[in-house]
Amino acid sequence: MDINRLLGIRIKKIRKELEMSQEELADKADMNVANIRQIEAMKGNPTMESLAKLARAFQIRPVDLLDFDREYRKLELFEDTEQMLRELIAPLKPHEQAEIVSLVAMVVSTMR
């Protein structure tokens, strides 16, 4: 299966899972709706800039658009996640909090 076909299928699937219309996606990605339709119809070659815009609109990393073997996962805003972590570890002793923060930082660094 060629990459344009896989990419078109993936973009359409993510868009539908996020309950976005093609028009909404085009607006969020700052793209023309005709470009979205063309990509989803597996015609033409989207540019790297287009892929970056689509990823930003979906709130995922651009590489996640091309990782056809994995399901996408929507990224949460870092500030929200950081605040949630702080609230979860607040009852712990300072040295325990430091260990958890260090562990999370190590895990995050391996994901990049």
Side-chain angles (χ1 to χ4, degrees):
M1 193 175 288
D2 78 38
I3 190 125
N4 286 336
R5 180 168 168 69
L6 291 171
L7 187 59
I9 291 168
R10 185 161 183 85
I11 289 170
K12 186 175 185 175
K13 181 179 180 187
I14 294 171
R15 178 180 62 77
K16 288 190 176 243
E17 286 181 15
L18 294 174
E19 299 178 352
M20 279 187 207
S21 67
Q22 289 178 328
E23 291 77 12
E24 289 170 319
L25 177 56
D27 186 53
K28 286 186 177 207
D30 193 28
M31 294 175 63
N32 186 309
V33 72
N35 293 108
I36 303 297
R37 288 185 180 124
Q38 188 175 33
I39 292 168
E40 287 188 4
M42 301 158 253
K43 298 177 181 171
N45 288 319
T47 64
M48 292 301 289
E49 182 180 1
S50 294
L51 294 179
K53 287 179 175 185
L54 289 166
R56 197 172 320 116
F58 289 145
Q59 296 181 352
I60 61 175
R61 300 173 309 160
V63 70
D64 292 332
L65 283 176
L66 301 172
D67 192 353
F68 304 117
D69 296 328
R70 298 175 75 192
E71 290 296 315
Y72 89 97
R73 60 191 163 130
K74 187 174 178 188
L75 300 177
E76 295 180 26
L77 295 176
F78 179 73
E79 295 81 15
D80 295 341
T81 305
E82 184 178 15
Q83 182 60 35
M84 185 176 73
L85 178 61
R86 289 185 191 284
E87 290 170 8
L88 286 171
I89 66 174
L92 301 175
K93 296 176 184 171
H95 75 278
E96 294 170 328
Q97 290 180 14
E99 287 178 25
I100 290 174
V101 169
S102 176
L103 178 63
V104 169
M106 183 175 55
V107 169
V108 169
S109 70
T110 64
M111 295 172 63
R112 292 183 179 162

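Atom-to-atom distance recorded for His95:NE2 and Ile100:CD1 is 10.0 Å, nearest 0.5 angstrom. Between the CD atom of Gln38 and the NZ atom of Lys43 there is a distance of 8.0 Å, given to the nearest 0.5 Å. Going from atom CZ of Arg10 over to atom CG of Asp67 covers 6.5 Å, rounded to the nearest 0.5 Å. Between the CZ atom in Arg56 and the NZ atom in Lys28 there is a gap of 13.0 Å [rounded to 0.5 Å].
Linking ILVMFWY residues whenever their side-chain heavy atoms come closer than 4.5 Å, directly or via other members, leaves Leu18 and Val33 in distinct clusters. A continuous path of ILVMFWY side-chain contacts below 4.5 Å connects Leu6 to Met48, so both sit in one hydrophobic cluster.
A distance-only check finds a donor-acceptor pair linking the side chain of Gln97 to the backbone of Ile89 [under 3.5 Å].
Scanning both residues, Ile11 and Glu40, for their nearest heavy atoms gives CG2-OE2, 4.0 Å. Nearest heavy atoms, Asp30 versus Lys53: O-NZ, 3.3 Å. Looking at every heavy atom in both residues, Ile39 comes nearest to Pro46 through CD1-CB, 3.8 Å. The minimum heavy-atom distance between Asn45 and Asn4, with the atom names listed, is OD1-ND2, 2.7 Å. The two residues Ala55 and Arg61 make their nearest non-hydrogen contact at CB-C, 3.8 Å. Ala52 approaches Pro62 most closely through the heavy-atom pair CA-CG, 4.3 Å.
Counting heavy atoms from C-beta outward, Phe58 and Asp64 have side chains that stay 4.5 Å or more apart. Side-chain contact between Arg15 and Leu54 is absent, with no heavy-atom pair separated by less than 4.5 Å. Residues Ile14 and Ile60 form a side-chain contact, since some pair of their non-hydrogen atoms from C-beta on lies under 4.5 Å apart. Looking at Leu92 and Glu99, their side chains never come closer than 4.5 Å, going by heavy atoms from C-beta outward. Contact of the Leu51 side chain with the Leu7 side chain is registered, since non-hydrogen atoms from C-beta on lie closer than 4.5 Å.
Every residue was checked against the salt bridge (Lys or Arg N to Asp or Glu O under 4.0 Å) condition with Glu96, not counting sequence neighbours, and none meets it.
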